[in-house]
Amino acid sequence: EPLYAFVSVERALRWHGHSKAFRDGMVYATTALFFGTGNCTKDVSSIVLARVFNDDRLRLYDYDPVRFMSEAPKMFAFPKFRDLYGKVGEAIRGNGGRVTLNARVVKVERTKSVVRVHVEMPDKSIEIRECDKVVFACNTEQAKSMLDAGTGASMMEKKIFKNIVYYDDVSITHSDEEYMKKHYEVAQDVRDMYFIKSYEDDPSLCEMSFDLTAYQPFARGANDERVYQSIFLNKGKDESRWTRDEIDPNRVLLVKWWRQFGHTVRHFTKAVPFWRFVQNKRKTLYAGSYTMVNTHEIAIISGLAAAYRCGAEYPFPDDALAAFQFDLYLRVIHGVKY
């Protein structure tokens with residue numbers, strides 16, 4: 001691992017004699033689809049791919065020596081986020097906390113004694129709130145902007161920030177069955193969740209789609225039709241390849257733009273190992289999948305870790321696997337033991 005941490009997936013596969021067809025059609029496509037690496041899969045650190053397939057306590061899917069990956073993923077659905085976060089907000093208020101919506105933080109000032117958070121309210125007035133600590137549960141671009149407007153980031157924070165690169169992606173939620181049949185293999189009698197399309201001019205790059213009705217029981221279109229979500233990656237660089245315009249606009253339910261960080265070797269060697277030197281320093285904590293790997297699991301663990309560093313108890317101590325992963329995250333990203 002000390003060697004392969006600095007070796008990209010593409011280079012490792014070439015070193016070990018794997019064909020371009022296997023790299024493009026199996027490894028890059030599968031990794032991009034399941035592990036959120038977007039069109040940066042070739043540059044992902046090879047130890048990450050090894051871990052998610054071969055580590056008994058960290059892997060997401062079992063490696064299959066014949067089919068590469070053969071098992072059907074086990075899924076469960078959250079309730080509607082509007083309901084879920086509404087209950088979280090009620091719990092915070094019930095414990096004496098404060099929840100502010102439809103506002104934005106414009107500046108964060110950190111001193112030895114206090115953190116001052118400048119909040120622009122819906123009426124454009126500015127409120128200054130003094131806090132014991134600040135948790136940046138947003139991407140590092142936003143955190144940097146807030147800090148730059150205040151007392152500024154530390155040298156180590158700046159080093160980490162500059163080594164996390166983001167891309168603009170868009171998700172189109174739609175019910176266009178004809179589009180899906182044109183670009184993917186859609187079987188009527190099988191409820192496949194995941195679909196992948198490699199570009200002919202560069203098979204290492206891809207588009208992907210999901211059948212939302214396969215794992216979100218409340219996601220149904222008109223007349224109980226299937227609802228899909230198609231994702232198009234890397235605006236600007238790969239936009240000319242997108243098939244987005246072929247989706248029937250009358251069947252589009254939601255268009256959502258989002259920022260995704262790149263899983264490059266640079267990210268894993270020049271950002272991830274240095275988080276421990278800024279976590280809980282200058283009254284500041286960082287939470288998000290960008291601290292390690294772009295999965296929902298890491299995002300949630302990072303939030304639990306931030307709460308733990310603020311004095312909260314870890315809520316799942318009796319789950320051996322969860323506790324192990326929480327402890328591992330704390331050791332790597334925070335430099336402390338659970």
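Reckoned from all heavy atoms, side chains included, excluding hydrogens, waters and symmetry mates.
Summarising the local packing, NZ of Lys133 is surrounded by more than 12 heavy atoms from other residues, nucleotides or ligands at distances under 6.0 Å. Atom CG of Asp132 sits in a sparse spot, with 12 or fewer heavy atoms from other residues, nucleotides or ligands closer than 6.0 Å. The number of heavy atoms from other shown groups lying within 6.0 Å of CD (Glu141) is above 12. Heavy atoms from other residues, nucleotides or ligands lying under 6.0 Å from CG of Asp123 number more than 12. The neighbour count for His296 NE2, taken as heavy atoms of other residues, nucleotides or ligands under 6.0 Å away, does not exceed 12.
Judged purely by atom type and a 3.5 angstrom limit, Ser302 uses its side chain to pair as donor or acceptor with the backbone of Gly288. Proximity of a side-chain donor or acceptor of Asn163 to a complementary backbone N or O of Arg266 within less than 3.5 Å is not detected. Panel note: side chain Thr284, backbone Arg282; a donor-acceptor pair is recorded below 3.5 Å. Checking side-chain atoms of His174 against main-chain N and O of Asp176 turns up a donor-acceptor pair under 3.5 Å. The main-chain N or O of Val66 is found under 3.5 Å from a side-chain atom of Asp64 such that the two form a donor-acceptor pair. Side-chain N or O atoms of Lys281 include none that pairs as donor or acceptor with a backbone N or O of Ser154 at under 3.5 Å. Proximity of a side-chain donor or acceptor of Ser175 to a complementary backbone N or O of Val227 within less than 3.5 Å is not detected. In this structure, Asn234 contributes its side chain and Lys237 its backbone to no donor-acceptor pair below 3.5 Å. At distances below 3.5 Å, at least one donor-acceptor pair connects side-chain atoms of Arg23 with backbone N or O atoms of His18. Remark: side-chain polar atoms of Thr140 are not paired, donor with acceptor, to backbone N or O of Ala143 under 3.5 angstrom.
Contact check for Val88 versus Ile92: side-chain heavy atoms found under the 4.5 Å cut-off. When side chains are defined from C-beta on, Asp211 does not count as touching Met193, because their heavy atoms never get closer than 4.5 Å. Between Ser45 and His267, the closest side-chain pair of non-hydrogen atoms is not below 4.5 Å. Annotation: side chain of Tyr194 is not in contact with side chain of Met208 (no heavy-atom distance under 4.5 Å). Residues Val186 and Phe195 meet the side-chain proximity criterion, which asks for heavy atoms closer than 4.5 Å. Counting heavy atoms from C-beta on, the side chains of Gln260 and Asn294 come closer than 4.5 Å. No side-chain heavy atom of Val114 sits less than 4.5 Å from a side-chain heavy atom of Cys131. Residues Ile333 and Met292 have side chains in contact (heavy-atom distance under 4.5 Å, counting atoms from C-beta outward).
Connection of Val255 to Tyr167 is not established within any shared hydrophobic cluster, with ILVMFWY side chains joined at heavy-atom distances below 4.5 Å, either directly or through further cluster members. Residues Tyr179 and Phe210 do not share a hydrophobic cluster, clusters being chains of Ile/Leu/Val/Met/Phe/Trp/Tyr side chains in contact below 4.5 Å. In terms of hydrophobic clustering, with Ile, Leu, Val, Met, Phe, Trp and Tyr side chains grouped at heavy-atom distances under 4.5 Å, Leu212 and Ile247 are assigned to different clusters. Cluster annotation: Val117 and Val99 are assigned to distinct hydrophobic clusters (Ile/Leu/Val/Met/Phe/Trp/Tyr, side-chain heavy-atom contacts under 4.5 Å, transitive). In the hydrophobic clustering of ILVMFWY residues, with side-chain heavy atoms under 4.5 Å counting as a link, Phe161 and Val265 come out apart.
Asp327 has a carboxylate O that lies under 4.0 Å from a charged side-chain N of Arg331, or vice versa, which qualifies the two as a salt bridge. A salt bridge links Arg110 with Glu157: at least one charged nitrogen is closer than 4.0 Å to a carboxylate oxygen. Here Arg241 pairs with Asp238 in a salt bridge; the nearest charged N to carboxylate O distance falls below 4.0 Å.
One side chain, Gln229 or Thr173, offers a donor N or O that lies under 3.5 Å from an acceptor on the other. Under 3.5 Å, the side chains of Tyr184 and Ser209 contain a donor-acceptor pair of N or O atoms. The closest side-chain donor-acceptor pair between Ser230 and Glu207, if any, does not fall under 3.5 angstrom. Of the N and O atoms on the side chains of Arg129 and Thr100, at least one donor lies less than 3.5 Å from an acceptor on the other residue. Between Glu246 and His183, the side chains place a donor N or O and an acceptor N or O closer than 3.5 Å (distance only, hydrogens not considered). No donor-acceptor contact under 3.5 angstrom links the side chains of Asn139 and Arg259, judged on distance only.
Phe274 carries Lys159 over the face of its six-membered ring, with the cationic atom under 6.0 Å from the centre and within 45° of the normal. For the pair Lys235 and Trp242, the cation-pi test (distance below 6.0 Å, angle within 45°) is failed.
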### Task
Decide yes or no on side-chain hydrogen bond (donor to acceptor under 3.5 Å, both in side chains) for Glu177 and Tyr228, but give the supporting numbers first.
CA-CA 8 Å; Glu177 195 82 24; Tyr228 300 97; 2.9 Å; yes
### Query
Does the pair Ser125 and Glu120 meet the rule for a side chain to side chain contact (heavy atoms under 4.5 Å, CB included), with working shown?
CA-CA 6 Å; Ser125 64; Glu120 183 182 77; over 6 Å; no
### Derivation and outcome, side chain to side chain contact (heavy atoms under 4.5 Å, CB included), residues Thr111 and Arg116
CA-CA 8 Å; Thr111 69; Arg116 294 188 182 89; 3.8 Å; yes
### Message
Apply side chain to side chain contact (heavy atoms under 4.5 Å, CB included) to residues Lys80 and Asp83 and explain how you reach the verdict.
### Response
CA-CA 5 Å; Lys80 293 181 179 179; Asp83 300 334; 3.8 Å; yes
### Message
Let's go through Tyr199 and Cys206 carefully: what are the C-alpha distance in whole Å and the side-chain angles of both, what is the deciding distance for side chain to side chain contact (heavy atoms under 4.5 Å, CB included) to 0.1 Å, and is it a yes or a no?
### Response
CA-CA 6 Å; Tyr199 293 121; Cys206 64; 5.6 Å; no
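The line from CD1 of Ile128 to CD1 of Ile126 is 8.5 Å long, rounded to the nearest 0.5 Å. Atom CD1 of residue Ile231 and atom CZ of residue Arg244 lie 13.0 Å apart, to the nearest 0.5 angstrom. Note: Tyr28 OH to Ile196 CD1 = 14.0 Å, rounded to the nearest 0.5 Å. Interatomic distance, Glu109 CD to Thr151 OG1, rounded to the nearest 0.5 Å: 6.5 Å. Going from atom NE2 of His263 over to atom CD1 of Ile164 covers 11.0 Å, rounded to the nearest 0.5 Å. Remark: Asp24 CG to Asp202 CG distance equals 7.0 Å, nearest 0.5 Å.
Paired with Tyr314 under the rule ring-ring contact (aromatic ring centres under 6.0 Å, His included), one option of Phe324, Tyr329, Phe326 passes, and it is Phe326. The only option from Tyr166, Trp275, Phe136, Phe261 that meets the ring-ring contact (aromatic ring centres under 6.0 Å, His included) definition with Tyr290 turns out to be Trp275. Each of Asp55, Leu49, Asn54 was compared with Arg51 under the side chain to side chain contact (heavy atoms under 4.5 Å, CB included) criterion, and only Asp55 meets it.
Minimum interatomic distance between Ser113 and Lys283 (heavy atoms only, all atoms of both residues): C-CE, 3.5 Å. Counting all heavy atoms, side chain and backbone alike, Ala305 lies closest to Leu330 at CB-CD2, 3.8 Å. Listed here is the closest heavy atom pair of Ala103 and Val119: CB-CG1, 3.8 Å.
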